[in-house]
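Here the structure comes first, spelled out in C-alpha cells, and everything after it is commentary.
So that the names make sense, note that chain A is the first sequence line, chain B the second, and so on, each numbered from 1.
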Amino acid sequence: MMTMPLCVWPRHAAMRWMIGLTAFLALSGCGANWGWYVVNPATASGYANLKFMLSGLVYTIQLSATAIAISVVVGLLVALPGLSGNIWARRASRTYVEVVRAVPILVLILWVYYGLPQVTGWTIGVFWAGVIALALSDSAFQAEIFRAGIQSIARGQYEAAYSVSLGYRDTMRYVILPQAIRRILPALGNQLVYMLKMSSLVSVIGMQELTRKANELVVSEYRPLEIYTILVLEYLVLILIVSAGVRWLERRLRVDERS
Amino acid sequence: MHSSAPVIAFKAVSKHFDDFQVLKDINLEVGAGERIVICGPSGSGKSTLIRCINGLETYGAGDLRVNDLRVEAANLTAVRRRVGMVFQQFNLFPHLTVLDNLMLGPIRGRGMGQGEARAIALRYLERVRIPEQAEKYPRQLSGGQQQRVAIARSLCMEPQIMLFDEPTSALDPEMITEVLDVMAELAQTGMTMIVVTHEMGFARRVADRMVFMDYGEIVEVAPPETFFTAPKSQRAQDFLQKILNH
C-alpha cells in the first residue's frame, strides 16, 4: 500500500519552518510593533495568559475526538446501504451524503445550537451542539471514504468469504473492512486533521476551546498579533503530532501484513 | 456406477446476461463421490455453471438442487456449508496469516471454538503438505503454495462437494503439478468433485465423467476413455484437436 503524505510539507521541512518561525518571533520581539510580554512565560501575567490559552486544548481535543469517533460510525452506516443491491437504500445513502455535504459547517453549528433545541425541545449544551454539528458534517465525507475503500476490495474476497459460509456481516467485519480500513487510513488521517481545524468554528457558540480562549484574551489584552500567532502555533503543533501518530499507525498495520 | 440419489441436480437450468444466454437448458446429475471434469472453450459457461452450485451466480430458469436443497437466496448458507470452492485467483485473505485464513470459516461459518478450529486447520495444512507455513501471510508464499492453502481452507469446512474453478490456470507451469497432486489425493478420499480445467492429463487420470460445454450448453457427457479417444460431437473433436495438439 502506498503512503500518502498527510500534510503538504514533508515532515522535516515542517520542522525547519517551525524553528525558523520561532526564531523570527523571538528576534522580532525587540521590534517596536511587537509586544511579546503578553505571552512571556517569565512574567507572572504572561505566564497566566499562556496558561489561559492552553486551557482550551483539552476541549479542542475532546470535541474533535468525540466528533470523529461518531462520524466514523455514522459514515460507515451510511456507506454500507450505499453499496447494497437495493436501489432505495442506495438512494437514501446518496441523498444523505449530498445534502449534508452541501451545508457549510459554520451554518450547521449555528443551526444545531440555536435551531435544533426549538425543534426537539431538548436542551443541547455547546459541547454536544459542536460535536453533533462536526460529526454530522464529517460523516458525509467519511461515508464517501468508506465507499471508495470498500469498493476497492476485489470481488473475489467476498466470494471466498461466502464460500466458507460467512454471512454478509461476518464477511464485512472479518474480511472486507479490515482490508478497506488499511487502505483508507491516510484519508481518515486527513479527516482527523480537518476536524481538529474545523473545531475552531465552534468558538462562535461559546465553546471554550483554543480559538475562543485566544479571542477572549485578545479582547482583554488587545494584542491580536502575538496572541493569534501563538494560536497558530498551538494548532500547528497539535496537528503535526496527530499526523505523526497516523503515520505510525499506517506503518504498524502494514508491517502486520508482511513481517 | 452411482446408484444413490444425486448430490447435485441441474434440471433445465438457464441463465441470461441481457440478450446473451450463458447457460442453455442445463441438465446434469452428479452422484456422491463422483469426479466430474468440465472442459470447453473459454466463454462456454463452465465457470458460470459451477458458480451456480454455491450461489455465487444466480440462474434464471430451471431447478438446481444440492442434496435436495434448492439453491436459492434463502438456502445459501446451508448450501455453502456443504460446498467448498477453489478459485483461479486463490482469493486468500491477504490481511490474515495462513492459519487465520483456515480458521475463519470454521469459527464464523461453523461456530467452532478457537482450539477446535486450530486443530482442524493444522490437520488440513498437513494434508496439503505445508504445515510449516502456518504463521506466514499469503503474499510470502508461492502461487502453488497459496492455491494449496486455498484448498485446505475449503476442506476445513469439511464439505461434501468441492468445486474447482480453473485452479491451475493462474499458476506458473512448475507449480501446477503440486496442486494437481493434492487434488488427485483428495479424489481418492471419495470427495465429490467438480473441476473446471484445461489439464487433460489430470482429467484422464481422475475423472469419472467428462462434461464438454460450448456456447452455454452441455454438448457431450462421457467417461474419459470414450471422450478422449472417440468424441461423438464435431465440436468436441475440434476442441480436443486444438488443446491436445499444441
B/F87, part contacting chain A, at a heavy-atom distance under 4.5 Å: side chain
Pair B/L104-A/D170, side-chain contact (heavy atoms from CB on, under 4.5 Å): steps then yes or no: CA-CA 10 Å; B/L104 187 60; A/D170 284 341; over 6 Å; no
Atom CZ of B/R118: over 12 foreign heavy atoms under 6.0 Å: no
Proximity breakdown for B/L76 and chain A, heavy-atom pairs closer than 4.5 Å: neither
Atom CD of B/Q114: over 12 foreign heavy atoms under 6.0 Å: no
Residues in residues 151-168 of chain A near chain B [non-hydrogen atoms, under 4.5 Å]: A/G156, A/Q157, A/E159, A/A160, A/A161, A/Y162, A/S163, A/V164, A/S165, A/L166
Contacts with chain A made by residues 38-54 of chain B (heavy-atom distance under 4.5 Å), listed by residue number: B/R51, B/N54
Main-chain N/O of A/Y174 paired with B/H95 side-chain donor or acceptor, under 3.5 Å: yes
Region of B/M157 that comes under 4.5 Å of a non-hydrogen atom in chain A: side chain
